[in-house]
Protein chains: 2
Amino acid sequence: MARSGQPRVLLVEDEPAQRTVLAYNLEAEGFAVTQADNGEDAMVLVDEEDPDIIILDWMMPKVSGIEVCRRLKMRPETRGIPIIMLSARAEEVDRIRGLETGADDYVIKPYSVLELMARARAQLRRVRPSTAGVVLEHEDIRLDPESHRVYRGENVLKLGPTEFKLLVTLMERPGRVFSREQLLDLVWGRDIYVDTRTVDVHVGRLRKSLMQFGGSDPVRTVRGAGYALG
Amino acid sequence: MARSGQPRVLLVEDEPAQRTVLAYNLEAEGFAVTQADNGEDAMVLVDEEDPDIIILDWMMPKVSGIEVCRRLKMRPETRGIPIIMLSARAEEVDRIRGLETGADDYVIKPYSVLELMARARAQLRRVRPSTAGVVLEHEDIRLDPESHRVYRGENVLKLGPTEFKLLVTLMERPGRVFSREQLLDLVWGRDIYVDTRTVDVHVGRLRKSLMQFGGSDPVRTVRGAGYALG
DNA sequence: CAGGCCTGTTACACTTTCGTCGCATAGGCT
DNA sequence: AGCCTATGCGACGAAAGTGTAACAGGCCTG
């Protein structure tokens, strides 16, 4: 559970028919799909949705796929997201490679959907290897997703399921500010409707749990924006 | 030919990313891993390395996994080696079954690495029951897979078959939290339909058995997640 | 074929956790 | 300072998760 719930894919393709087919297949594979039909929207959605992987068409009006790719790979906070490029011609792959855009994989149209799915899964595994044996750490907090145990210093903490998921989410990207909406999405799940204030309550409970043996408050409130760790 | 040392696995998968992840996990599990990315090499390596178990991708260029499997199961000297097939789609499993290739187990992609590891261990146990006198231990619980005997301290415990398998599963990875679904899969087997609450009941029975001579409860309930040992 | 063991399901009690509300408090802006 | 909004926090009814006893059916054994 590098992140709770489904892996997220951002699908950027200007041709509606192809996009629909791909989206359908990706969802059938268990991905949560966000769609964009141009590069500009894609850049915005990357920040909003924080996808685990991006599938990017090479030829698009306005901001081309290759440009999106180049920009994303320049920013440290998005560099780690795997990008799979779709290109219409085999010769273009060489250009893509030559341009050193930093795409992580390439698939040539016409591609086999099955193949693309396989490559998407492969990239996902590469970045997120089933969280095997990973222990999240931040300052004196340690969290082992496998055993579901949380330590603060020498003490073992007892957290409820939601507090646990919340902490996992925050610890996966320490310092990053999550909006209440994002947290609802990541911790509770997309199509669950609960008041955003509920997040506040659970953050409060998490704080209390984390500080029950003393220590400083590791959760930072960013007024008007959300919460972050550290 | 009970062999000493690490169990050997031959991993045949043409997709580099997936192969790498699997190899990593298998090594973490204590296997000595030999890798191949095609069926031809696999056939050679079977003779050279004499693996205890083979994990075989179904779709591969040249000699397909299914063909490798068929050939190995025809030769008396390799017939005994368990083969786990990886297949990309559920429908293919039926084909594998129908073709009577003799694969001993199959896992559908995208699979859980944990599940694959568990199945690999299970196959290994089946063929190599001695496991060279390996006895699972956790705190004061000892479990001898060969004699099917379980000890708690000085006492011998009598467990039912399901309780036993459940305990084996938990003891193979002490501390790890297993969801009810995972336990159903690993203990009862896939394609068995039983209510998840049944797991609760059997965990309860296992607990009673484990504590019949006193001692603390070694099974940890993780609310909203599942059960773990210790 | 009777008896015992094991199994899966169900029902009920109990506990924990959840989501919301109301009000107190803190932060920022004019 | 004064106002307004965002946030913290205690309380509470509701919902969900879990432990366990009881029961009925299946399987094997003697």
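Proteins come first, then strands; the chains are lettered A, B, ... in the order of their sequence lines, and each starts at number 1.
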What is the distance, to the nearest angstrom, from the CG atom on Leu159(A) to the C1' atom on dC18(C)?
15 Å
Minimum-distance nucleotide to Pro161(A) side chain [options: dC6(C), dT20(D), dC18(C)]
dC18(C)
So what does Val203(B) hit on the nucleic acid, given a heavy-atom distance under 4.0 Å: a base, only sugar-phosphate, or nothing?
nothing
Nearest whole Å is fine: how far is dG8(C) P from Asp200(B) CG?
13 Å
Quiz item: Arg205(A) side-chain donor-acceptor pair to dG19(C) base, under 3.5 Å
yes
Taking Asp195(B) first and then Arg180(B), would you say they form a salt bridge - that is, a charged N and a carboxylate O separated by under 4.0 Å?
no
Rounded to whole Å, how long is the line connecting atom CG of Leu183(B) with atom C1' of dT7(C)?
17 Å
Is the phosphate of dG8(C) approached by Trp188(B) (side-chain N or O, under 4.0 Å from OP1 or OP2)?
yes
For DNA chain D, find the residues of residues 219-229 of chain B with a heavy-atom distance under 4.0 Å and give them by number; none if there aren't any.
Thr221(B), Val222(B), Arg223(B), Gly224(B), Tyr227(B)
For dG8(D), take OP1 and OP2 only and decide whether either is under 4.0 Å from a side-chain N or O of Arg207(A).
yes
Out of Val199(B), Val222(B), Thr169(B), Leu166(B), which residue meets the side chain to side chain contact (heavy atoms under 4.5 Å, CB included) rule with Tyr227(B)?
Val199(B)
When you get a sec, tell me which of dG10(D), dC18(C), dT7(C) is the closest nucleotide to the side chain of His202(A)?
dC18(C)
How close or far is atom C1' of dA24(D) from atom CG of Asp195(B), stated in whole angstroms?
16 Å
I want to check one thing: is the phosphate of dC6(C), taken as OP1 and OP2, less than 4.0 Å away from some side-chain N or O of Lys158(B)?
yes
Tell me: CZ of Phe164(B) to C1' of dT7(C), nearest whole Å?
18 Å
d(NZ, Lys165(A); C1', dG17(D)) in whole Å
13 Å
Non-hydrogen atoms of Met211(B) and Arg152(B) that approach each other most closely:
CG-NH1, 4.1 Å
Mind calculating the distance between CG (Leu206(A)) and P (dC18(C)) to the nearest angstrom?
11 Å
